[in-house]
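Single-structure report; data block below.
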Amino acid sequence: ASLLIWGGGDFMKTLKAAVLLGRDCETVAAIACGMIGALKGDRVIPAALKRASDQANRRNQREAALRLAAVAKDILAKDRARLAARLRAL
């Protein structure tokens with residue numbers, strides 16, 4: 001959480017802070033930057049960084065993220081429908 005505050009919502013500033021923590025920092029960086037991406041969208045991630053990630057991982061991470069976002073939207077829609085039904089039942 002402190003990285004998100006220190007980074008002020010800036011993707012690269014948060015990424016640099018996480019990496020500079022040293023030691024086993026990739027998980028911390030992934031979580032902090034993933035939260036920023038989830039809140040602000042992938043537009044905050046530099047295009048060169050996205051390309052480098054896709055090349056290093058030999059896959060298009062954006063496609064996986066879009067599929068995950070679609071599943072999350074579906075779950076949210078179902079949750080909202082269940083809540084509406086419960087409220088009507090009251």
Side-chain angles (χ1 to χ4, degrees):
S2 60
L3 286 173
L4 296 175
I5 294 168
W6 188 88
D10 180 88
F11 183 87
M12 288 305 295
K13 193 172 182 182
T14 302
L15 177 60
K16 288 176 184 175
V19 170
L20 291 174
L21 285 174
R23 297 192 178 238
D24 190 19
C25 64
E26 70 275 2
T27 301
V28 173
I31 292 169
C33 292
M35 290 176 74
I36 291 173
L39 292 169
K40 295 187 172 189
D42 74 340
R43 69 186 179 283
V44 300
I45 305 169
L49 184 57
K50 287 187 238 181
R51 282 192 303 275
S53 175
D54 288 344
Q55 289 172 351
N57 292 296
R58 296 187 183 137
R59 67 178 70 147
N60 184 336
Q61 299 293 358
R62 188 171 195 283
E63 293 301 320
L66 291 173
R67 287 193 307 273
L68 180 59
V71 170
K73 286 179 185 178
D74 184 51
I75 291 169
L76 180 59
K78 289 176 182 176
D79 285 348
R80 286 181 174 159
R82 282 191 289 271
L83 175 61
R86 288 182 190 137
L87 292 174
R88 284 191 302 274
L90 295 175

Before accepting this row, confirm whether a basic side-chain N of the pair R82/D79 lies closer than 4.0 Å to the acidic partner's carboxylate O. yes

Is there a donor-acceptor pair closer than 3.5 Å between any side-chain N or O of K40 and the backbone N or O of G9? yes

Testing D74, I75, L76 one by one against K78 for a side-chain contact (heavy atoms from CB on, under 4.5 Å), which residue passes? D74

Compare all side-chain heavy atoms of T14 with those of M35 and state whether any distance is below 4.5 angstrom. no

What's the spacing between I31 CD1 and E26 CD if we round to 0.5 Å? 10.5 Å

Does a sphere of radius 6.0 Å around NZ in K16 hold more than 12 heavy atoms from other residues, nucleotides or ligands, not counting ones at 6.0 Å or beyond? no

Rounded to the nearest 0.5 Å, what's the gap from CZ on F11 to CG on L39? Could you check? 12.5 Å

Using the side-chain contact (heavy atoms from CB on, under 4.5 Å) rule, pick out the option among I36, I45, L49 that qualifies with L15. L49

V44 and L68: same hydrophobic cluster, using ILVMFWY side-chain contacts below 4.5 Å? no

